[in-house]
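Here is the naming used below: chain letters follow the sequence lines, and residue numbers restart at 1 for every chain.
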2 protein chains.
Amino acid sequence: MRSIYPLSDAGLELLKPFIAKKHISKGDFILRKDETCRHIYFVNKGFARIFYFKNGKEITEWFTAEKNFCFSITSYFEEKPSHLIIECLEDSEVIYLSKEGLDKLCKTQIEISNFFSKMISGALILSQKRMDSIQFETARQRYEQLIKNQPYILQKVPLQYVASFLGITSETLSRIRTQI
Amino acid sequence: MRSIYPLSDAGLELLKPFIAKKHISKGDFILRKDETCRHIYFVNKGFARIFYFKNGKEITEWFTAEKNFCFSITSYFEEKPSHLIIECLEDSEVIYLSKEGLDKLCKTQIEISNFFSKMISGALILSQKRMDSIQFETARQRYEQLIKNQPYILQKVPLQYVASFLGITSETLSRIRTQI
DNA sequence: TTCAGCAATTGACAATTGTCAAAAAATACG
DNA sequence: CGTATTTTTTGACAATTGTCAATTGCTGAA
């Protein structure tokens, strides 16, 4: 976990009471629909995808690779039921860091507060970059970027997940692929 | 400034050395192209827009209304020259909060660190909502949402700014407007 | 007040992507 | 294996939005 954002031994000790390690089997959920997201999830081992239903169809919003974290931003901060679902696509080991504990620690422990800020800023930068990409690149450009930056995704997940992640239909993705 | 995120008197005193109030005339810039964004900008009075050039055309990314803050996310966090430009569309009073000062305070002052987290999480939630809107709503739906949620924008800025903010051309916006 | 310059609209057409249906390919499982 | 199921591809067509060019409308400075 510390590989992502630096944290002293003392800081880690502070977090420990609020951390739980769980094994999630392939196909099982880290976060279910309408469950409120009360943790930040570090995918220590394995692979997850974040998706939701739109007009009866699954839309993949994000993938979380090993050694990355995920959570439902709006559910977590607004403490409302999540429309996002987080599913493990492989047998995974996930570290749950509780919001309750984190909030409590942030009130008194400056190292934890800064650790949290770092995580959030990282998420903000990612969110911003994804927004730029969706708004100003064509479907083909986004697919090419994906091949370049996260080729492992294409090896791990069905193309329909990739398609909705890119914001296009399976059919369009298929046509893009034949033309490259 | 405190109207947005709570801050004690002591907290405000801590920030004061790193705050500067500036008057920016209509048409002048808060952040210029290729300048590194070293502040968070609170628009205390006035109105600003954030835009950049794409293929020689201005693309409006965001508007900042009175009592809101703005900054270039990637330039600020990655300390790189900004491709975003922040321009005042009215005579404005802007409070500059320096990153250097904020970073320094965050190391030792937990209230400031939490204040900063709150700002960033707010920005993250906004960014997320905008992403959803761009990816899954049609141009017309986004325009209708804009009328509903931020009607003042339509009164303040030329339609071409609104169009690029919605991610469409002026022509398309014009056609949407005639059909409502 | 007038006119220059910018902003907004309109028309014709093109490009991109979506939708629906069907076929082909890949995969899972008894 | 072989079959059932799911995934991917393909085709025909429609919808949305963009591009380019021309026109109209608006605004501000001389």
Side-chain angles (χ1 to χ4, degrees), chain A residues 25-28 47 49 51-61 63 87-91 130-147 151 153-180, chain B residues 25-28 47 49 51-61 63 87-91 130-147 151 153-180:
Chain A
S25 301
K26 176 173 174 172
D28 282 354
F47 193 68
R49 85 168 165 135
F51 71 99
Y52 62 96
F53 284 93
K54 165 110 184 164
N55 303 330
K57 284 180 197 158
E58 296 184 1
I59 307 285
T60 296
E61 178 151 311
F63 296 104
E87 175 196 15
C88 285
L89 298 182
E90 300 174 354
D91 285 5
R130 178 160 158 82
M131 198 167 78
D132 286 352
S133 139
I134 287 175
Q135 192 163 14
F136 297 113
E137 289 173 2
T138 63
R140 160 164 296 115
Q141 288 172 318
R142 271 179 278 146
Y143 177 68
E144 286 166 353
Q145 285 298 314
L146 187 74
I147 291 176
I153 288 180
L154 284 162
Q155 281 141 31
K156 280 177 190 267
V157 313
L159 288 171
Q160 51 181 331
Y161 294 179
V162 175
S164 72
F165 176 61
L166 294 173
I168 57 180
T169 58
S170 300
E171 293 92 330
T172 300
L173 178 57
S174 177
R175 289 180 179 116
I176 287 172
R177 284 162 56 85
T178 62
Q179 286 162 29
I180 283 180
Chain B
S25 299
K26 176 174 173 171
D28 281 354
F47 193 69
R49 84 165 166 137
F51 70 99
Y52 62 96
F53 284 93
K54 163 109 183 167
N55 303 332
K57 284 180 197 161
E58 296 184 2
I59 307 286
T60 297
E61 178 150 311
F63 297 104
E87 175 196 14
C88 284
L89 298 183
E90 300 174 355
D91 285 4
R130 179 159 158 83
M131 200 168 75
D132 286 351
S133 138
I134 288 175
Q135 191 162 15
F136 298 113
E137 288 173 4
T138 63
R140 162 165 296 116
Q141 287 171 321
R142 290 201 299 275
Y143 178 67
E144 285 166 352
Q145 284 298 313
L146 188 74
I147 291 176
I153 287 180
L154 283 163
Q155 280 140 32
K156 281 177 189 266
V157 312
L159 287 172
Q160 52 182 333
Y161 295 177
V162 175
S164 71
F165 176 60
L166 294 175
I168 55 180
T169 58
S170 301
E171 291 93 332
T172 300
L173 177 58
S174 178
R175 288 177 181 120
I176 287 173
R177 283 162 57 85
T178 61
Q179 286 163 29
I180 286 184

Undergrad: Which residue pairs satisfy the salt bridge (charged side-chain N to carboxylate O under 4.0 Å, His left out) criterion with at least one member in residues 154-170 of chain A, sequence neighbours excluded?
TA: A:Glu90-A:Lys156
Undergrad: Return the minimal non-hydrogen interatomic distance between A:Arg175 and A:Thr178, and the atom names on each side.
TA: O-OG1, 2.9 Å
Undergrad: Could you write out each protein N or O paired with an N or O of nucleotides 25-30 of chain D at a distance under 3.5 Å?
TA:
none

Undergrad: Can you list everything that forms a ring-ring contact (aromatic ring centres under 6.0 Å, His included) with A:Phe47? Sequence neighbours excluded, please.
TA: A:Phe63
Undergrad: Scan residues 164-172 of chain B against DNA chain D and write down, sorted by residue number, each residue with any heavy atom closer than 4.0 Å; if none is found, say none.
TA: B:Gly167, B:Ile168, B:Thr169, B:Glu171, B:Thr172
Undergrad: I'd like to check the salt bridge (charged side-chain N to carboxylate O under 4.0 Å, His left out) partners of B:Glu87; sequence neighbours left out, ordered by chain and number.
TA: B:Arg49
Undergrad: Does anything in residues 161-172 of chain B form a salt bridge (charged side-chain N to carboxylate O under 4.0 Å, His left out)? List the pairs, not counting sequence neighbours.
TA: none
Undergrad: To the nearest Å, how far apart are A:Leu173 CG and D:dT7 C1'?
TA: 12 Å
Undergrad: Rounded to the nearest Å, what distance is computed from the CG atom of residue A:Leu154 to the C1' atom of nucleotide D:dT7?
TA: 15 Å
Undergrad: Applying side chain to side chain donor-acceptor pair (under 3.5 Å), can you list everything that pairs with B:Gln160, at least two apart in sequence or on another chain?
TA: none
Undergrad: Are any side-chain N or O atoms of B:Asp91 and backbone N or O atoms of B:Ser25, one a donor and one an acceptor, separated by less than 3.5 Å?
TA: no
Undergrad: Between atom CG in A:Leu159 and atom C1' in D:dT9, what is the gap in whole Å?
TA: 10 Å
Undergrad: Who are the side-chain contact (heavy atoms from CB on, under 4.5 Å) partners of B:Leu159, not counting sequence neighbours?
TA: B:Leu154, B:Leu173, B:Arg177
Undergrad: What distance separates A:Leu166 CG from A:Ser133 OG, expressed to the nearest 0.5 Å?
TA: 8.0 Å
Undergrad: Minimum heavy-atom separation for A:Glu61 to A:Arg130, with atom names?
TA: O-NH2, 3.1 Å
Undergrad: Please identify the 5'-most and 3'-most nucleotides of DNA chain C with any atom under 4.0 angstrom from a heavy atom of chain B.
TA: C:dA7 to C:dA12
Undergrad: Is there a donor-acceptor contact under 3.5 Å from the side chain of B:Ser164 to the main chain of B:Gly167?
TA: no
Undergrad: Could you give the angle between the helix axes at the two ends of the helix from C:dT1-D:dA30 to C:dG30-D:dC1, with five pairs per end, rounded to 10 degrees?
TA: 40°
Undergrad: Once salt bridge (charged side-chain N to carboxylate O under 4.0 Å, His left out) is applied, do any residues pair with B:Arg142, and if so which ones, sequence neighbours excluded?
TA: none
Undergrad: Partners of B:Ser170 by side chain to side chain donor-acceptor pair (under 3.5 Å), sequence neighbours excluded?
TA: none
